[in-house]
Structures are given as C-alpha cells and as structure tokens.
Amino acid sequence: MRTPLVAGNWKMNKTVREALELVGGLNTQLAGIEGVDVVICPPFTALADVGRALAGSALELGAQDLHWESRGAYTGEISAPMLWDLGCTYVIVGHSERRRGPGESDEDVQRKVAASLANELIPILCVGESLEEREAGRTERIVQTQARVGTLNVEPDQAASLVVAYEPVWAIGTGQPATGAEANRIAGLLRQWLHEWFGDRAGQIRILYGGSVTPETFGEFAGQPEIDGALVGGASLDAAAFAAIVQAFAGRVG
Ligand code: PEP
C-alpha cells in the first residue's frame with residue numbers, strides 16, 4: 001500500500017514573511033487532513049522559519065536541492081546534513097529547472113539521490129522529457145535513462161523510500177499538463193523499470209506526476225491508478241488551490 005504524496009515546490013518565491021503567511025493558510029486549510037502525505041518545499045532562506053511554523057502539524061518540510069558532499073569548499077551550496085538539521089525530511093532532486101539552468105547531469109543527480117538517502121532525507125527524483133525529445137519519439141528512453149542513472153547508487157533496502165516524479169518539461173509552468181492517460185502510462189513504465197532494478201520493493205516507491213497541476217486539472221491525475229500524488233509548482237503558492245489538490249489525493253491509498 002502506498003500513501004499518496006503531494007509536494008509543493010515554491011521555487012524562488014516568498015520572502016520569510018510571505019512564506020509564513022502562506023504556511024498559516026496551509027495549516028488552517030489542511031488541519032486534520034488524513035490519508036495523504038504533504039510536503040512543503042520553500043526556498044532555502046525560509047526553511048528554518050517554515051519548519052518552526054509547521055511544528056505540530058502533519059505537513060512536512062522539504063528542500064528544493066542539495067549538494068552531494070556533506071561539507072567543504074563549495075561556495076553557495078547546501079548539504080544534506082544542513083537540511084536534516086533544519087528539520088527537512090524530503091528534498092527535490094534533479095528538477096528540470098536545475099538540469100537545464102545550472103546544467104545538472106544525470107551523474108550529479110545520482111550523487112544527490114545517494115547523499116539524500118545516506119542522510120535520512122527522502123529524495124523526490126524528477127525525471128521527464130523535453131518537447132523536442134517527445135516529438136523525436138525519445139520520451140521513454142529519456143525517462144528510463146534519467147531514472148536508471150539517478151538511482152544507480154541506491155541500495156536495494158533503500159529503494160522503498162524513493163519518490164519519483166514524472167515531470168514532462170513541456171508541461172511545467174505552461175498551463176498545458178499531460179493527459180491523465182499519458183502520465184499514467186509513463187508512471188506505469190517507471191514502475192515496471194523500478195521493478196526490474198529493485199524487485200518487489202518497487203511496489204512501495206511512490207510515483208508522482210508534475211506539470212501544471214491546478215485545481216482545474218488535478219482530476220485528470222488523482223484518478224489514475226499508477227499515479228500516487230503530485231509535485232505542484234505554481235498552484236502551491238496559493239493555500240486554497242494547494243489544499244484542493246491535496247484533498248483530491250487524500251484517502252486514495254492504492
Ligand atoms: C514543478 O516545478 O515541479 C511544477 C510541476 O511546476 P508547475 O506545477 O507550475 O507546472
């Protein structure tokens with residue numbers, strides 16, 4: 001049985017004051033929510049304050065990235081032990097905005113996934129093809145490669161903690177999500193590959209969909225058997241919108 005998971009990626013939004021306002025709204029809207037895990041991923045600068053504001057609630061704290069080394073001369077970077085110290089339990093790894101902007105490679109992502117798991121952080125490993133790759137018929141190959149290289153250093157007994165988010169790049173922030181059927185198809189393929197790599201433990205790995213999930217579009221995904229939740233960007237900046245998406249997945253244990 002997999003508990004659904006909805007994660008909000010705030011990206012580079014919200015000062016500390018704004019972040020605390022949003023968390024106040026989320027704590028109210030999601031008080032007493034059951035049957036779904038909820039993770040809030042504010043920017044690094046708001047992690048400490050948001051973590052304190054979440055104390056006592058069921059909402060969990062996540063970061064948007066990490067470095068694979070624990071410490072050292074890596075100016076501007078943040079390590080897994082630092083995130084753990086702030087109360088993070090999750091971390092987004094390999095988001096397409098980091099693969100394409102700072103140019104993270106599949107091997108960087110692999111190191112970050114391993115560092116997360118070694119430090120008791122659950123990695124939300126993002127995979128997904130660009131429009132160009134989809135149009136060239138390379139979707140399956142790209143998603144499979146990103147997932148395989150990203151999880152290559154995961155020990156079999158760590159695999160159940162993994163979260164994989166299928167996020168087609170062309171759907172992120174565009175207002176044009178994948179169809180539920182297509183997202184479900186790719187999630188099903190991911191499950192099949194994870195099974196080949198990790199055996200029965202793959203049955204416990206949660207697979208999310210991300211890309212323009214909003215209160216208007218979540219119905220496409222919340223009903224799909226292979227999709228265990230959502231990674232939400234833009235709509236996670238609005239407490240009512242995010243709460244509506246969370247509620248759609250609550251109670252859908254499958
Ligand atoms: C994301 O950034 O992971 C994302 C899915 O963004 P959006 O929901 O805005 O498309």
Side-chain angles (χ1 to χ4, degrees), residues 4-14 18-19 22 26 36-44 46-47 50 60-66 88 90-104 109 112-113 116 121-131 133-134 139 142-143 146-147 150 162-180 182-184 186-187 190 206-222 224 226-249:
L5 169 67
V6 179
N9 174 13
W10 292 4
K11 311 194 187 193
M12 195 176 70
N13 292 294
K14 305 291 178 190
E18 292 166 345
L22 179 50
L26 290 171
V36 59
D37 291 341
V38 183
V39 184
I40 309 298
C41 303
F44 290 131
L47 280 173
V50 169
E60 295 187 70
L61 187 66
Q64 298 175 18
D65 186 32
L66 81 169
C88 290
Y90 287 80
V91 58
I92 297 170
V93 177
H95 193 281
S96 60
E97 288 158 11
R98 297 208 55 82
R99 290 179 189 265
R100 269 141 227 281
E104 273 181 20
V109 172
K112 291 181 178 200
V113 167
S116 310
L121 296 171
I122 297 174
I124 301 176
L125 167 62
C126 300
V127 297
E129 81 288 359
S130 66
L131 186 58
E133 289 160 346
R134 172 160 285 262
T139 297
I142 294 291
V143 171
Q146 290 178 348
L162 277 173
V163 176
V164 180
Y166 170 55
E167 296 213 305
V169 179
W170 46 270
I172 296 179
T174 59
Q176 296 188 323
T179 62
E182 178 60 2
N184 192 62
I186 301 292
L190 274 165
R206 287 177 292 184
I207 300 178
L208 315 182
Y209 167 77
S212 297
V213 177
T214 65
E216 289 72 42
T217 64
F218 67 68
E220 278 277 317
F221 310 102
Q224 299 292 343
E226 300 288 354
I227 297 175
D228 304 315
L231 178 54
V232 184
S236 71
L237 298 173
D238 180 280
F242 188 64
I245 296 166
V246 170
Q247 269 144 7
F249 282 96

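First listed ligand is number 1; within each ligand, the first listed atom is number 1. What's counted below: heavy atoms across the whole structure, side chains too, no hydrogens, waters or symmetry copies.
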I'd like the name of whichever of G233, P168, G8 reaches closest to atom 6 (O) of ligand 1 through any heavy atom. G233
Go through it in stages, so that I can follow the logic: the residues are R99 and E104, the test is salt bridge (charged side-chain N to carboxylate O under 4.0 Å, His left out), and I'd like the CA-CA distance, side-chain angles, deciding distance and then a yes or no. CA-CA 4 Å; R99 290 179 189 265; E104 273 181 20; over 6 Å; no
Would T174 count as being in polar contact with ligand 1, using the rule that some N or O on each side must be under 3.5 angstrom apart? no
Which of the ligand 1 atoms, numbered from 1, are nearer than 4.0 Å to a heavy atom of L231: 3 (O), 5 (C)
State the atoms of ligand 1, each with its element, that fall below the 4.0 Å cut-off from a heavy-atom position in G211. 5 (C), 10 (O)
Identify the heavy atoms of W10 and L26 that sit nearest to each other, and give their distance. CZ2-CD1, 4.2 Å
Regarding T214 and E216, do their side chains bring together a donor and an acceptor under 3.5 Å, going by distance alone? yes
Tell me which one of Q64, E97, Q176, H95 gets a heavy atom nearest to atom 1 (C) of ligand 1. H95
Please check if any side-chain donor atom of Q146 sits under 3.5 Å from a side-chain acceptor atom of Y166, or the reverse. no
for atom 5 (C) of ligand 1, nearest protein heavy atom and its distance come out as E167 OE2, 3.1 Å
With heavy-atom distances below 4.0 Å as the criterion, list the atoms of ligand 1 near N9. 2 (O), 3 (O)
For ligand 1, which atoms have a heavy atom of A171 less than 4.0 angstrom away? 10 (O)
Counting C-beta onward and ignoring hydrogens, is there a side-chain heavy-atom pair between V164 and R206 closer than 4.5 Å? no
Report yes or no: does A235 have a heavy atom closer than 4.0 Å to ligand 1? no
Can you see whether T179 engages E182 through a side-chain donor-acceptor pair at a distance of less than 3.5 angstrom? no
Hey, could you give me the CD1/CD1 distance between I227 and I207, rounded to the nearest 0.5 Å? 9.0 Å
Near G173 (heavy-atom distance under 4.0 Å), the atoms of ligand 1 are 7 (P), 9 (O), 10 (O)
Find all atoms of ligand 1 within a distance of less than 4.0 Å from any non-hydrogen atom belonging to G234, and give their numbers and elements. 7 (P), 8 (O), 9 (O)
Honestly, for C126 the part within reach of ligand 1 (heavy atoms, under 4.0 Å) is neither
Are there more than 12 heavy atoms of other residues, nucleotides or ligands under 6.0 Å from atom CD of E18? yes
